[in-house]
Trainee: 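Once you've had a glance at the structure underneath, I'll fire off some questions.
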Amino acid sequence: MDGGVPGTARRGRLRVAVRMHGASAVVTPSGELDHHTADLLREQLEGCVAQGRSRLVVDCSALEFCDSTGLNVFLGARTKAEAAGGGVHLAGMLPPVARVFEITGADAVFTVHRALDEALTE
Amino acid sequence: MDGGVPGTARRGRLRVAVRMHGASAVVTPSGELDHHTADLLREQLEGCVAQGRSRLVVDCSALEFCDSTGLNVFLGARTKAEAAGGGVHLAGMLPPVARVFEITGADAVFTVHRALDEALTE
Amino acid sequence: MGSSRPVTPDDRGASGPGDTAAPLVAPVRRVLLAGCDGVVARARDVTREALYDWGWLPARTPQARARAEDALLVVSELVTNACLHAGGAQELRLRGRPGLLRLEVTDTSPAPPTPRTPHQGSRPGGHGMYIVQRLCSRWGTVHHPEGHGKTVWAEITGA
Amino acid sequence: MGSSRPVTPDDRGASGPGDTAAPLVAPVRRVLLAGCDGVVARARDVTREALYDWGWLPARTPQARARAEDALLVVSELVTNACLHAGGAQELRLRGRPGLLRLEVTDTSPAPPTPRTPHQGSRPGGHGMYIVQRLCSRWGTVHHPEGHGKTVWAEITGA
Ligand SMILES: Nc1ncnc2c1ncn2[C@@H]1O[C@H](COP(=O)(O)OP(=O)(O)O)[C@@H](O)[C@H]1O
Ligand SMILES: Nc1ncnc2c1ncn2[C@@H]1O[C@H](COP(=O)(O)OP(=O)(O)O)[C@@H](O)[C@H]1O
C-alpha cells in the first residue's frame with residue numbers, strides 16, 4: 001500500500017491501517033513501534049499530509065510498544081501536519097505508550113484523547 | 001620577576017628559574033607542574049620568546065611532576081618558539097615526567113636530551 | 001532463546017564496573033546481538049524472558065508491571081543507540097539482583113552517550129538518553145581497554 | 001589529612017557502579033574537594049598517602065614505582081577535568097583492592113568526558129583522557145540520578 005492510502009501495511013511487528021473519516025485520516029498502528037518499524041508509520045502519516053489530509057487521528061489502542069524512535073515519528077508528523085493547517089490527535093494510548101509521552105513531556109504538544117470516538121466527534 | 005627575565009619566580013609548588021646561556025634561554029622549572037602552576041611556566045617561556053630568546057632549553061632535572069596541563073604548556077611554547085625560528089629542548093627529564101611525553105607521543109616533537117650540558121653544547 | 005547463556009564469575013573482561021573483586025552472586029544472561037537486523041525487538045524479547053524468569057513478570061501490581069515495561073523501554077533505547085550511533089550493538093547482558101535489574105549493551109565505538117541538554121519534549125531527537133535518565137536509578141559508560149569500544153549500562157529498581 | 005575519612009558499606013548513594021549489591025570488602029577513602037583552589041595537588045597528596053597505606057609505596061621495583069606514579073598522574077587528570085569542564089570537583093574516592101586501585105571523582109555536570117579523537121601528540125589539548133585511557137585498565141562514567149552530576153572513575157592495576 002502506498003503512503004497514506006486507505007488500507008493496511010505491514011512491516012515486521014507493526015501493522016498500520018489507514019481510513020478516512022470526514023475531515024480526518026484515521027491511522028491505526030498496531031503492534032510494536034521501534035527502530036525496525038518506525039519508517040512504516042512515518043510513511044503513512046506523511047502520506048496522509050501529502051494528500052491533503054492534515055487532521056491526523058491516531059488510534060493507539062492496539063499499539064503495544066513505542067520508544068523514543070516511535071515518539072520521533074509522531075513529533076515529526078506533528079510538525080508537518082501543523083504546517084499544513086492540521087494536527088495530530090492521539091487516542092486510546094495504552095499505559096506503556098502513554099508513559100513515553102508523559103516522561104518526555106511530549107504529551108503536551110499533542111491533542112490526547114482517551115478514546116477514538118472522542119477524537120472523531122470533536 | 002617578569003616573564004622570561006633572568007631570575008627566579010615561584011607559585012605554589014613550582015619554582016621557575018631563567019638564565020641566559022649563549023643563544024639559549026635556560027629555563028629550570030622545579031617542583032610540580034599542574035593546573036595550579038602551569039601559568040607560571042607559560043609566562044616564563046613565552047616571555048623568553050617575546051624577548052627574542054626563541055631557543056629554549058628546559059632543564060627538567062628538578063621537575064618532579066607534570067601532567068597534561070603541563071604538557072600543554074610545553075606544546076604551546078614549542079609553537080611560539082618555532083614560529084620565531086627557535087625551538088624547545090628538554091633536558092634531564094625524570095621518569096614520571098618522561099612518561100607523560102612518551103605515552104602521548106609528544107616526545108617526538110621536542111628535541112630531548114639526557115642531560116643539560118648536551119642541550120647547551122649542541 | 002538459544003544464544004542466551006550463563007556466564008561464569010571469572011569472566012572478568014566482560015563484567016561490569018565494580019564487579020572486579022566482588023563475586024557474581026546474581027543471575028546473569030548474555031546474548032550476542034550482531035548487526036542491527038531486528039536486534040532492538042530481539043533485545044526486548046530476551047529482557048522480557050529474563051523478567052519472567054526472575055519474578056518481575058507476571059507483575060503483582062500495576063506499579064510492578066510499569067517497572068517491567070520501563071525495563072523493556074530502556075533496553076530498546078540502549079540497543080537503538082548502539083545501532084544508530086555506534087555501528088551496531090555487540091552484546092546484551094542482563095544482571096538481576098534483588099530489587100534491581102541491570103542492563104548492559106556493548107558496542108565498538110569509544111564515544112559515550114551524551115544526553116542532549118536542554119531536553120525539548122516538542123522536537124524529534126534527544127529523547128533516548130533522557131528516557132534512560134528519567135527511568136533509571138543510575139546509568140553509565142564503561143570504556144574498554146585498548147579502545148575496544150564500551151559498555152553502556154543502566155539500572156532499574158523494582159517496584 | 002583531616003578530611004579523609006572511611007565510609008561505611010551502607011553508604012549506597014555514594015558507592016561506585018556495580019557495588020549496589022556486593023559488600024564493600026575493600027578499603028575506601030573519601031575526601032571532599034570543594035572549589036578548585038589547590039585541589040589537584042591535594043588530590044595527589046591524598047592518593048599518595050593511600051598508596052603508602054595500601055602498600056603500593058614504597059615500591060619494591062621500578063615498575064611498581066611507575067604504576068604508583070601513574071595513579072598520581074591519572075588522579076591529577078580527573079580532578080583537573082572536573083575543574084576545567086565541570087565547575088569543580090566535589091569528592092575524590094579511592095578504593096583499594098588486591099592489585100587494583102580505583103579512583104573516583106564526582107562533579108556536578110551531567111556531561112561525560114569525551115576523549116578527543118584522533119588524539120594528536122603534537123598539539124595542546126585533548127591529552128588528559130588519552131592519558132587516562134592509556135594508563136587505566138578500565139574507566140567510565142556513572143551518571144547520578146535526578147541530574148545530580150556524575151562520577152568519573154578509572155582503575156589502575158598494580159605492578
Ligand atoms: N551507544 C552510543 N555510542 C555513541 N554515542 C551515543 C550512543 N548512544 C547515544 N550516543 C550519543 O548521545 C546522543 C544522545 O542520544 P539520545 O538521547 O538517545 O538521542 P538521539 O539518539 O535522538 O540523538 C546521540 O545523539 C549520540 O551522539
Ligand atoms: N569531568 C568532566 N565533565 C565534563 N566534560 C568533561 C570532563 N572531563 C572531560 N570532559 C570533556 O572531555 C574532553 C576531553 O578531555 P581531555 O582529554 O582531558 O582534554 P582537554 O581537557 O584538553 O580538552 C574535554 O574537552 C571536555 O569536553
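Below, chains carry the letters A, B, ... as their sequence lines are ordered, and counting in each starts from 1.
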Trainee: Can you tell which part of B:Asp34 gets under 4.5 Å to a heavy atom of chain D, answering side chain, backbone, both or neither?
Mentor: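 Answer is side chain: those atoms of B:Asp34 sit under 4.5 Å from chain D.
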Trainee: Salt bridge check: are B:Lys80 and B:Glu82 linked by an N-O gap of less than 4.0 Å?
Mentor: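 Result for this pair is no, no salt bridge flagged.
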Trainee: Test side chain to side chain donor-acceptor pair (under 3.5 Å) on B:Ser30 and B:Arg15; report intermediate values, then the result.
Mentor: CA-CA 5 Å; B:Ser30 51; B:Arg15 187 187 298 266; 4.7 Å; no
Trainee: So which of D:Val74, D:Val79, D:Leu73, D:Leu84 has the largest heavy-atom pair count under 4.5 angstrom toward chain B?
Mentor: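 So the answer, after comparing D:Val74, D:Val79, D:Leu73, D:Leu84, is D:Leu73.
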Trainee: Apply the test side chain to side chain contact (heavy atoms under 4.5 Å, CB included) to residues B:Val88 and B:Val58: give CA-CA distance (whole Å), side-chain angles for both, the deciding distance (0.1 Å), then the verdict.
Mentor: CA-CA 7 Å; B:Val88 174; B:Val58 185; 4.2 Å; yes
Trainee: So which part of B:Phe74 gets closer than 4.5 Å to some heavy atom of chain D, the side chain, the backbone, both or neither?
Mentor: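 Interface part for B:Phe74: neither.
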Trainee: Go through D:Pro62, D:Ala66, D:Gly38, D:Cys83 and name the one with the most non-hydrogen pairs under 4.5 angstrom from chain B.
Mentor: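 Most heavy-atom pairs under 4.5 Å with chain B: D:Gly38.
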Trainee: Can you tell me if B:Arg11 has over 12 outside heavy atoms packed within less than 6.0 Å of its CZ?
Mentor: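 Buried by this count: over 12 neighbours within 6.0 Å.
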Trainee: D:Ser109 and D:Asp107: side-chain donor and acceptor closer than 3.5 Å?
Mentor: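 Note: D:Ser109 and D:Asp107 side chains miss the donor-acceptor criterion.
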Trainee: Check each atom of D:Asp70 against the heavy atoms of chain B and say whether the ones under 4.5 Å are side chain, backbone, both or neither.
Mentor: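 Answer is side chain: those atoms of D:Asp70 sit under 4.5 Å from chain B.
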Trainee: Identify which of D:Gly121, D:Pro124, D:Gly126 forms the greatest number of heavy-atom pairs closer than 4.5 Å to chain B.
Mentor: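 Of D:Gly121, D:Pro124, D:Gly126, D:Pro124 has the most heavy-atom pairs under 4.5 Å with chain B.
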Trainee: Just checking, D:Arg67 and D:Trp56: is the charged tip under 6.0 Å from the six-membered ring centre and within 45° of the axis?
Mentor: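 No, D:Arg67 does not lie over the aromatic ring of D:Trp56.
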Trainee: Given that the side chain runs from C-beta out, which part of D:Arg123 has a heavy atom under 4.5 Å from chain B: side chain, backbone, both or neither?
Mentor: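 Interface part for D:Arg123: backbone (N, CA, C, O).
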Trainee: Could you look at B:Leu71 and say if it's the side chain, the backbone, both or neither that has a heavy atom under 4.5 Å from chain D?
Mentor: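 Side chain only.
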Trainee: Give the C-alpha distance, both sets of side-chain angles, the deciding distance and a yes or no for side chain to side chain contact (heavy atoms under 4.5 Å, CB included) between D:Thr106 and D:His144.
Mentor: CA-CA 9 Å; D:Thr106 65; D:His144 304 169; 4.1 Å; yes
Trainee: Looking at D:Glu77, D:Arg134, D:His119, D:Gln120, which makes the most heavy-atom pairs under 4.5 Å with chain B?
Mentor: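 Top option by heavy-atom pairs under 4.5 Å: D:Glu77.
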